[in-house]
Amino acid sequence: MTFIHKDFLLSGPTAQQLYHTHAKGQPIIDYHCHLNPQEIAENIQFRDITQLWLGGDHYKWRAMRANGIPEEYITGKDHSPWEVFEKWAETIPYTMRNPLYHWTHLELKRVFGIDTLLSPATARDIFEECNAKLQEPDFRGQALIRRFGVEVVCTTDDPADDLRWHRQIAAHPFGTKVLPTWRPDKAIAIEDPKAYKAYLNRLGEAAGKEIDAYADLVEALQIRHDFFAKAGCRLSDHGLDTFHAADYTALEIELIFKKVLLGKRPNAVELDKFQSALLHDLAVMDAESGWAQQFHVGPIRNNSARMLRQAGPDTGFDSILDLEISAAGNRFFDRLDDEGHLAKTILYCLNPKDFEVMATMAGNFNDGSVPGKMQLGAGWWFLDQEHGMRRQLDTLSELGLLSRFVGMLTDSRSFISYTRHEYFRRILCDVVGADVDSGRLPASEIERIGAMIEDISYRNAKVYFGF
């Protein structure tokens, strides 16, 4: 039997039945990813498997570093694609019990039809076979997306982006809908006044408006929000260290904004007040447009000063931030709920201590208007591995409604990370199937349970986001 066989991760007969009958064939809605829309529009042809696999994958980079691979093979530019791939192949046997071991072999199997385990002994043959296939039309970017049955892709886009590549894709459809997602993180990042002023110039140019006051900023963002809506946007997304819900007055926010425009750094209290105000105003825009909003909470980024100087930001030196989120999070959503401005909301935590916190926070503000209006999102980043997925499923089941869950997303920059959806669906079916086999769920309800698996895999997301 090959390693990635038909019942991989499915430990019982009901799990196998649920996966093969109800989960496997469902289309994919990838409602949050970091694919480059230009690469989709231009139907990228990858030079080689090294570019496809290692050209920006922080998960792999961290594993290679942990295995003692020198940085010159990771973010350096002086080694050939084969030399870099060879170092990854040397690392793979040491990734057992790391999700990369599963993901690597799932991708080899599903994309390239390769059952051979990657190792130094097999690396050259796998390298050459993958590279040969990547030159074929069926292995270009759009074909790879279609291969996995992806119905919708939502990229991650800044309010100042012109969305030209989305328009090009819409004008030349290839069978998968590609929509933007509103990610206004730079609009709240006033810590560095010089960088923020440069961003305001870019945002103002995109909106056709001078930004000299806080009200101008909100108006410019509303103009761009409307522009995104016309392009088919249905979601916003925020990457936060923690929630912000300080008390503030309009005058305070205007003075803080003016201070930043003068090139002065805000102090911690001012930063919290400003971010509280703008995040609230952005959430109101989402509610009024009928969008869903996502909050990814809990990273601490670029922790190695040495490697930040050497390799730059976002190169794999991030970790889990340990901050209290409950009080501010509940205040933030309570203000919106009290005003009638609370949009559909998905909460993602990076710190596993916050699974239960977020699940109970979501439960405070469900109002009967939309099934699963607020819910705990899928395991994210360091938690999108088997243990994290199982814990998220258990937490959502125990403190919310698993049946209303909108399911998995890739959160990836890779065109072949859609195996993450298969991975998740197999784990979902294994969790639920084990409950049936153990008597925790009634076998007499298998038809209803099968429908639930289909809902979580596909239908819930389609309805929730309005695709």
Side-chain angles (χ1 to χ4, degrees), residues 28-42 44 55-59 141 144-145 150-170 176-189 199 202-203 206 221 224-225 227-241 278-279 282-283 285-286 289 291-299 301-302 313-316 318 343-350 377-384 406-418 420-421 461 464-467:
I28 287 174
I29 292 179
D30 194 27
Y31 57 88
H32 176 70
C33 77
H34 296 277
L35 287 180
N36 184 334
Q38 179 177 353
E39 292 180 345
I40 301 175
E42 295 181 341
I44 184 173
D57 191 327
H58 305 165
Y59 292 79
L144 288 172
I145 293 173
V150 182
E151 188 173 291
V152 181
V153 169
C154 295
T155 59
T156 303
D157 310 275
D158 186 88
D161 289 347
D162 61 15
L163 304 185
R164 59 178 291 201
W165 302 111
H166 293 86
R167 293 197 300 274
Q168 181 171 318
I169 294 166
T176 298
K177 187 181 296 185
V178 180
L179 303 175
T181 295
W182 171 265
R183 179 78 176 245
D185 290 359
K186 292 180 180 178
I188 71 168
Y199 177 72
R202 182 170 169 242
L203 177 64
L221 287 166
R224 298 305 295 168
H225 200 276
F227 176 76
F228 270 58
K230 289 178 182 178
C233 182
R234 297 288 182 274
L235 297 96
S236 70
D237 182 48
H238 303 270
L240 303 176
D241 53 355
L278 188 50
L279 284 168
L282 290 165
M285 294 181 200
D286 292 346
S289 294
W291 291 5
Q293 56 188 359
Q294 302 172 92
F295 293 89
H296 287 84
V297 180
R301 301 177 186 273
N302 306 314
D314 304 320
T315 49
D318 314 308
K344 291 176 286 189
T345 304
I346 305 173
L347 304 175
Y348 308 86
C349 62
L350 195 57
W380 164 52
W381 200 342
F382 296 116
L383 303 179
D384 70 347
V406 293
M408 194 55 182
L409 58 154
T410 61
D411 189 34
S412 173
R413 292 166 177 79
S414 172
F415 280 75
I416 59 175
S417 286
Y418 292 106
R420 302 270 182 93
H421 283 262
Y464 186 86
F465 299 117
F467 295 139

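All values below come from the heavy atoms of this structure, side chains included, with hydrogens, waters and symmetry mates left out.
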Exercise. Looking at CZ of Arg167 and NZ of Lys230, how far apart are the two atoms once the value is rounded to the nearest 0.5 Å?
Worked result: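 Between atom CZ of Arg167 and atom NZ of Lys230 there are 12.5 Å.
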For this session: Any chance you could measure Leu240, atom CG, to Asp185, atom CG, to the nearest 0.5 Å?
Result: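 Going from CG on Leu240 over to CG on Asp185, the span is 6.5 Å.
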Hey, are the side chains of [X] and [Y] touching, using non-hydrogen atoms and a 4.5 Å cut-off?
X: Arg224; Y: Trp182; result: yes
X: Leu35; Y: Thr410; result: no
X: Leu203; Y: Lys186; result: no
X: Trp165; Y: Ile40; result: no
X: Lys177; Y: Val153; result: no
X: Pro159; Y: His225; result: no

Which residues pass the side chain to side chain contact (heavy atoms under 4.5 Å, CB included) test with [X], sequence neighbours left out?
X: His58; result: Trp61, Asp314
X: Arg420; result: Tyr59, Trp103, Asp384, Ser417
X: Asp411; result: His32, His34, Trp380, Leu409
X: Asp157; result: Pro37, Thr155, Asp161, Leu163, His166, Pro180, Phe228

Exercise. Are Asp286 and Ser236 close enough that a side-chain donor and a side-chain acceptor fall under 3.5 Å?
Worked result: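 A pair is found: one side chain offers a donor N or O, the other an acceptor, under 3.5 Å apart.
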Problem set entry | side-chain hydrogen bond (donor to acceptor under 3.5 Å, both in side chains) against Glu42, all qualifying residues, sequence neighbours excluded |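 Once residues adjacent in sequence are excluded, the partners of Glu42 under the side-chain hydrogen bond (donor to acceptor under 3.5 Å, both in side chains) criterion are Gln38.
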For this session: With sequence neighbours left out, write down each residue that passes side-chain hydrogen bond (donor to acceptor under 3.5 Å, both in side chains) with Tyr418, or none if nothing qualifies.
Result: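 Expected list: Asp30.
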For this session: Could you tell me which non-hydrogen atom of Cys154 sits nearest to which non-hydrogen atom of Thr181, and how far apart they are?
Result: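 Nearest heavy atoms, Cys154 then Thr181: CB-OG1, 3.4 Å.
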For this session: Give the minimum heavy-atom separation between Ala160 and Ala206, together with the two atoms involved.
Result: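 Taking Ala160 first and Ala206 second, the nearest heavy atoms are O-CB, 3.8 Å.
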Problem set entry | Test ring pair (Phe, Tyr, Trp, His ring centres under 6.0 Å) applied to Tyr348 - qualifying residues, sequence neighbours left out |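 Tyr348 satisfies ring pair (Phe, Tyr, Trp, His ring centres under 6.0 Å) with His296 only.
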Problem set entry | Non-neighbouring partners of Tyr199 that pass ring pair (Phe, Tyr, Trp, His ring centres under 6.0 Å), sequence neighbours left out |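 Ring pair (Phe, Tyr, Trp, His ring centres under 6.0 Å) check on Tyr199 returns nothing, list empty.
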Problem set entry | Test salt bridge (charged side-chain N to carboxylate O under 4.0 Å, His left out) applied to Asp318 - qualifying residues, sequence neighbours left out |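 Partners of Asp318 under the salt bridge (charged side-chain N to carboxylate O under 4.0 Å, His left out) test: none.
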Problem set entry | Those residues that, when tested against Asp241, pass salt bridge (charged side-chain N to carboxylate O under 4.0 Å, His left out) (two or more places apart) |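 For Asp241, no residue satisfies salt bridge (charged side-chain N to carboxylate O under 4.0 Å, His left out) once neighbours in sequence are set aside.
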Problem set entry | Partner of Tyr464 under side chain to side chain contact (heavy atoms under 4.5 Å, CB included), chosen from Leu235, Ile346, Ile29 |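 Among Leu235, Ile346, Ile29, the one meeting side chain to side chain contact (heavy atoms under 4.5 Å, CB included) with Tyr464 is Ile346.
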Exercise. Are any side-chain N or O atoms of Arg234 and backbone N or O atoms of Tyr31, one a donor and one an acceptor, separated by less than 3.5 Å?
Worked result: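 Here the side-chain-to-backbone pair does not exist.
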Problem set entry | Side chain Trp291, main chain Cys233, donor-acceptor under 3.5 Å |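 Yes.
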Exercise. Could you walk me through whether His238 and Ile188 pass the side chain to side chain contact (heavy atoms under 4.5 Å, CB included) check?
Worked result: CA-CA 10 Å; His238 303 270; Ile188 71 168; 6.0 Å; no
